[in-house]
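Labels below follow one simple rule: chain letters A, B, ... track the order of the sequence lines, proteins then strands, and each chain is numbered from 1.
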Amino acid sequence: MSPVIESIGIDVLFKGNNMMRLLSGLMAALKISMISVVLSIVIGLVLGMLMTLNKPAIKVVSRIYLETVRIMPQMVLLFIVYFGATKAMGLNLSAETASIIVFTFWGSAEMADLVRGALISIPVIQYESSYALGMTGLQTYLYVIIPQTVRRLLPLAINLITRMIKTTSLVMMIGIVEVLKVGQQIIEANRKSSPNAAFGVFATVFLLYFIACWPISLLSRYLEKKAA
Amino acid sequence: MDTGALNSYLPLYVRAFFLTVRIGWTGIALSLAIGIAGAFVLHFKVPVLSKVIKAYVELFRNTPLLVQLFFIYFGLPKAGIAIPAETCGILGLGLLGGSYMTESLRSGLDAVPVSQTESALALGFTKRRIFMYVILPQAVISTMPAVMANIIFLLKETSVFSAISLMDLMFTAKDLIGLYYDTTECLFLLVVFYMIMLLPVSMLGSFVEKKVRFGIYGDQV
Amino acid sequence: MDPILTVEHLHKEFDGYTVLDDVNMTVNPGEVVVIVGPSGCGKSTFLRCLNGLEKIEDGKVLLDGKIINPTGVDIAKDRQKIGMVFQSYDLFPHKTILQNITLAPVKVQGRNKDEAVREAVSLLERVGLSNKKDQYPRQLSGGQKQRVAIVRALIMHPEILLFDEVTAALDPEMVREVLEVVLSLAKEGRTMLIVTHEMAFARAVADRIVFIDGGRIVEEGRPDEFFTDPRTERARRFLDSFEY
């Protein structure tokens, strides 16, 4: 091993199955993100459509919901659900379940807002010309409005995936063993043999997240350009 | 809820609140400084530098703050760069926010139509004056909602500071829950203080958005 | 001969403000009625009431003797019989020209796709746009888009066609190509109700002119009478405003 690699502590990653452990830690976080993304997109689509209806009750509730998500850090929500639910309702949620609940709660609001925005950005006259052709409300949605909405929505929804992945890094704070936690364990275990491991390991984690998110960001930007 | 507990924890939360606000807003100021500089470099296509700024923006927009902080706080000292926790928090938030601000402000500058420059040129303005009096004011106004959204996002991100042992609101809540198990009271105070920190900014943001009526909803995270 | 369209005592308000007041009208088969009037007089709103895009506060609209109810279950069926072309053409941006035209006949009327495509192509030929069929709306000029919008309405085989200021958003050189299409439709005996600001065109195409001002029908009559010797002072002033 070259002295440079040792001195910046990248050597630990080549010891035993450390690199594999780090990757499986990343997978644990990605799994939570993916489940939450799928749930958020489904729930967000329905909520977003509901929000375009002119029902005062829906408006008030969705306004409070969106504002809560807008101003409460995900960390705080995570604490409330993980620690609060256990105490208040006697529920014994696993950390994974708590994370998925919180990220879906957050992601659904984001998604609903995007869906609402995309729907109301379709000019009224698109509805009217569909009606004038004799289409029913359902047909208008199916053939005219939704296809146009999806085009505007797709890049934003994909962007939500990268945001979700980045946000799931928080789960280590409620004790889930993900990539940062595994990193800490590796550094701890090799403190004597590789005292500088913190630099190499955390730099690697940094890069791993970048590798996970960057292609998705690029895809989102590409689709956005195409939709414009 | 136990009011006695609330009263006894309150001073701890107040202290943590001021720490969080101080680090948060200093970080935001730094992020604006970085953002303005970065946006200029990208808008005027400064050679070499604009490549560097682009790489920086991509790197920080596509990684979580928590991971950035771990690298700065725990990793960098091993390479001989030791930074105190509070500075780390400011630096981390500033660098993360800087990447978002750069993007928002650049798109604001780029969005001012060329015809604006041309009609100002036709009126005999110099390029520098056109930038100061025509381009910049329009860009600032049109990016206000995005900048506000970024500020809200950054204030929320302060919640990860506890990971580098800064005694912020999250840290205080977690610590007290661990010590006394007054979960409900501790979480209640946590929510209240985050509301005090974010609600006014959020309302200002909505107000600005209505005023500007610009069709974008920020581009946070 | 029974009228195709009958409007009885139509009353329309927006937020308590009366837009149309006791409007009565009949349109007979093959008749071309042109509605003129100052901006904001309610003539576009009137057209929109006819196919139920606007609810009406009082009165009724009858198509073939049957009431048009904007919130009724049959409204989509009724609208198939009423073709409408809007000022801003409003093609569907995500579909090609051919898809724009065949969407409704295939999905709404359940017609055979090949048959719809054949008819679409022959209609496009008629308006001189068959070479554009695989392009998207954004690739066409305003006048071309408006001709496609007319074809999109025609393919539904409507009993009556409503034209809402179809040339108002067009550059002057494109107005003619659209008006020629409308004129040729009039010649083949289509029933049409046209709102327009093009007075020369109105005179050429109309069997009857209806002048609306302040939400009421002020005057109606044969085009030569209306344009040369209007009976009311308001119509005279309106016509004077076109001369300079």
Trainee: Look up atom CD in E58(B) and atom CZ in F210(A), then write down how far apart they are to the nearest 0.5 Å.
Mentor: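 Result: 6.0 Å between the selected atoms.
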Trainee: Does F79(A) offer a backbone N or O that forms a donor-acceptor pair with the side chain of K174(B) under 3.5 Å?
Mentor: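 Here the side-chain-to-backbone pair does not exist.
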Trainee: Looking only at heavy atoms and a cut-off of under 4.5 Å, which of F74(B), F71(B), F188(B) has the most pairs with chain A?
Mentor: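 So the answer, after comparing F74(B), F71(B), F188(B), is F71(B).
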Trainee: Given S202(B) and E67(A), is the side chain to side chain contact (heavy atoms under 4.5 Å, CB included) satisfied, shown in steps?
Mentor: CA-CA 8 Å; S202(B) 169; E67(A) 193 61 17; 2.4 Å; yes
Trainee: Could you check whether any side-chain heavy atom of Q74(A) comes within less than 4.5 Å of a side-chain heavy atom of S159(B), counting everything from C-beta outward?
Mentor: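 Result no, sub-4.5 Å side-chain heavy-atom pair not found.
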Trainee: Atom CE of residue position M19(A) - does it have more than 12 heavy atoms of other residues, nucleotides or ligands inside 6.0 Å?
Mentor: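 Yes, enclosed.
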Trainee: In terms of heavy-atom pairs under 4.5 Å, which option from L208(A), I211(A), L180(A) contacts chain B the most?
Mentor: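 Looking at each of L208(A), I211(A), L180(A) in turn, L180(A) comes out on top.
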Trainee: Measure the acute angle between the ring planes of F70(B) and F202(A), then classify it against the limits of 30° and 60° as parallel, tilted or perpendicular.
Mentor: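 Aromatic pair F70(B)/F202(A) classed perpendicular.
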Trainee: Can you tell me which portion of L76(B) sits under 4.5 Å from chain A's heavy atoms? Options are side chain, backbone, both or neither.
Mentor: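 For L76(B), backbone and side chain are both near chain A.
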Trainee: For V69(A) versus K156(B), what's the shortest heavy-atom pair and its separation?
Mentor: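 For V69(A) versus K156(B), the nearest heavy atoms are O-NZ, 3.1 Å.
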Trainee: To the nearest 0.5 Å, what is the distance between CG (L190(B)) and CE (M75(A))?
Mentor: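 L190(B) CG to M75(A) CE: 9.0 Å, rounded to 0.5 Å.
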Trainee: If you count the non-hydrogen atoms of other residues, nucleotides and ligands that lie under 6.0 Å from CE in M144(B), is the total more than 12?
Mentor: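 No.
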Trainee: Which of the residues V191(B), I177(B), T184(B) is involved in the greatest number of heavy-atom pairs with chain A at under 4.5 angstrom?
Mentor: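 Max contact count across the listed options: V191(B).
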Trainee: When you check the gap from the basic side-chain N to the acidic O, do E157(B) and K166(A) get nearer than 4.0 Å?
Mentor: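 Salt bridge absent between E157(B) and K166(A).
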Trainee: What part of L59(B) lies closer than 4.5 angstrom to a heavy atom of chain A: side chain, backbone, both or neither?
Mentor: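 Contact with chain A involves both backbone and side-chain atoms of L59(B).
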Trainee: Measuring only between side-chain heavy atoms, which start at C-beta, is P195(A) closer than 4.5 Å to K78(B)?
Mentor: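 Of all side-chain heavy-atom pairs linking K78(B) with P195(A), none is under 4.5 Å.
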Trainee: When heavy-atom pairs shorter than 4.5 Å are enumerated against chain B, which of S169(A), G117(A), G183(A) gives the highest number?
Mentor: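 That would be S169(A).
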Trainee: At what distance, to the nearest 0.5 angstrom, does CG of N62(B) lie from CG of L207(A)?
Mentor: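 The CG atom of L207(A) is 12.0 Å from CG of N62(B), to the nearest 0.5 Å.
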Trainee: For the atom pair CG (L187(B)) and CG (L77(A)), what is the distance rounded to the nearest 0.5 Å?
Mentor: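 That separation rounds to 11.0 Å.
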Trainee: Compare every heavy atom of V76(A) with every heavy atom of Y194(B), then report the nearest pair and how far apart it is.
Mentor: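 Closest pair (atom of Y194(B), atom of V76(A), distance): CD1-CG2, 3.5 Å.
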Trainee: Would you say CZ of F44(B) has more than 12 non-hydrogen atoms from neighbouring residues, nucleotides or ligands within 6.0 angstrom?
Mentor: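 It does: F44(B) CZ has more than 12 such atoms within range.
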Trainee: Do you know the tightest heavy-atom contact between M173(A) and S162(B)?
Mentor: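 For M173(A) and S162(B), the tightest heavy-atom pair comes out as CE-OG, 3.2 Å.
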Trainee: Check whether T158(B) gets within reach of chain A through its side chain, its backbone, both or neither, counting any heavy atom under 4.5 Å.
Mentor: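 No part of it gets close to chain A.
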Trainee: Output, in order, the C-alpha distance, side-chain angles, deciding distance and verdict of side chain to side chain contact (heavy atoms under 4.5 Å, CB included) for L198(B) and M72(A).
Mentor: CA-CA 8 Å; L198(B) 275 142; M72(A) 273 301 132; over 6 Å; no
Trainee: Do you know which two heavy atoms are closest between M195(B) and I71(A), and how far apart they sit?
Mentor: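 Looking at all heavy atoms of both residues, the shortest contact is CG-CD1, 4.0 Å.
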